[in-house]
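One-based numbering, in listed order, for ligands and for the atoms of each.
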Amino acid sequence: MAERREKIRVSFPDNFVWGCATASYQIEGAWDEDGKSESIWDRFCRTPGKVRNEETGDVACDHYHRYKDDVALMRELQLKSYRFSISWPRTYPDGLSVANDKGIDFYSKLIDELLAAGILPFPTLYHWDLPQALQEKGGWANRDTAKRFEEYAYNIVEKLGDRVKKWMIFNEPWVFTIMGYMNGHHAPGIREPSMAMRATHIVNLAQGMAARAMRETGKVEELGTAFSMSGATPASKSQADKEATERRFGFTNLWFLEPMQNGRYPDAYVGGTDLERLGVEPGDMEIVKAPADFIGINLYTGGEFEHDPQDPNLGVRQARREPGERTDFGWEVRPEALHDVIMRIWNDYKLPIYVTENGASYDDRPNEDGEIPDERRVSFLERYIAQVARAIDEGADVRGYYLWSLMDNFEWAFGYEHRFGITYVDFETQERTIKQSGYWYRDVIANSGFEY
Ligand code: IFM
């Protein structure tokens, strides 16, 4: 029997920014239309054995052709803001500075449509779809890619910065470097730990260079990056477990934030961080330092960690414990991780925070009435969003929350297996149907909070 308890009212300030997030490759489709070039994900999806059922983002949600309907959907959901990403191979196909006007025009029209609907555009410059032409030259393991990204960032802000004032540079730099170059689960599918570590440094250089270039345009009011973060709790009170958990926190959560804010790498390695191994050259740490205006936190889960004497690098492993509640992705549901990470980041950096991604994969399908009663997602969101309110009550300057995702979409190496949307997408017909969680979120926005 469910526990009986009094309802809790969760409230947010009226000017709190409520949004949803998506990414170019996951929703746009039109993979080779209007001058768009091949991206590393187009190539990866065509490499046998890399993506479930060899699925691709060729069509995805066909958002490239349906963006007007999708903005109408956002309006129906009463979103205040929309976080999307700009595709580098669509706008600068060869990765150099020759613009593809049709590609730029797509984002320009999307931005106009959003503004006309009273929805604030909040774009990310890079959400993992590198032009394949740059991968041929070494991708993020080539220092020259940082220079190319600096140009790209400048050019995009020059072109769209008359209407867009808030920008994100990267989405989850830790994920696309480690999954792309260390364990090969993501494009470009490389498994070379030393290359991966050098790539992390080159991405840090690119982040600093892009931030300065974007500010040079004089068109940016706020910039930051959306960092992947997760909660990390020591498995015991022992000093060894605490220190191991701290190293893990530094590596997974701060590897791209600490360089940006303070021009240094976190002490994540047993025995200290070896700058030579990262390929750091004289002057680099001044380049990576380019303090942001806000910090974006993407958070889904958390875990307990303990000292691992067998691991010569971070000296840490996830503690074995009884499995708790999980989403259909297998990620543990740990709402308090969102509060704990926000408070830690707020206390350490004292910068405005946006939760730039949070959400869950649950495979709910339409019932006989065509409705999608995804109660588990509603319950997940209630508990996580309540933790955001708790952090605000405790003094953290959290300005907004972006739910992942506006609609079901292409979930990388899992293809279309995982559905994160608050809108159901029938990928055969491209019909969109708002799920129960979507209507719930609409009411949260309308009421600046909820009871649960
Ligand atoms: O779909 C991804 C997104 O591209 C980046 N953050 C996590 C989401 C869910 O896995």
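Ring planes of H186 and W128: tilted class, angle from 30 to 60°. Relative ring orientation between F251 and Y269 is described as perpendicular, the plane-to-plane angle rising above 60° on a 0-90° scale split at 30° and 60°. Ring pair W331/F329 is tilted by interplanar angle, where 30° to 60° counts as tilted.
Listed here is the closest heavy atom pair of P266 and L254: CG-O, 3.7 Å.
Between the CD1 atom of I342 and the CD1 atom of I295 there is a distance of 11.5 Å, given to the nearest 0.5 Å.
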Could you pull out the N/O contacts under 3.5 angstrom between ligand 1 and the surrounding protein atoms?
| from | atom 1 | to | atom 2 | distance (Å) |
| --- | --- | --- | --- | --- |
| ligand 1 | 1 (O) | Q26 | NE2 | 2.9 |
| ligand 1 | 1 (O) | W404 | NE1 | 3.4 |
| ligand 1 | 1 (O) | E411 | OE1 | 2.6 |
| ligand 1 | 4 (O) | Q26 | OE1 | 2.7 |
| ligand 1 | 4 (O) | H127 | NE2 | 2.8 |
| ligand 1 | 4 (O) | W412 | NE1 | 2.8 |
| ligand 1 | 6 (N) | E172 | OE1 | 3.3 |
| ligand 1 | 6 (N) | E172 | OE2 | 2.8 |
| ligand 1 | 6 (N) | E357 | OE1 | 2.5 |
| ligand 1 | 10 (O) | E411 | OE2 | 2.6 |

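Partner of V398 under the side chain to side chain contact (heavy atoms under 4.5 Å, CB included) criterion, out of F16, F12, Y354, W346: F16 alone.
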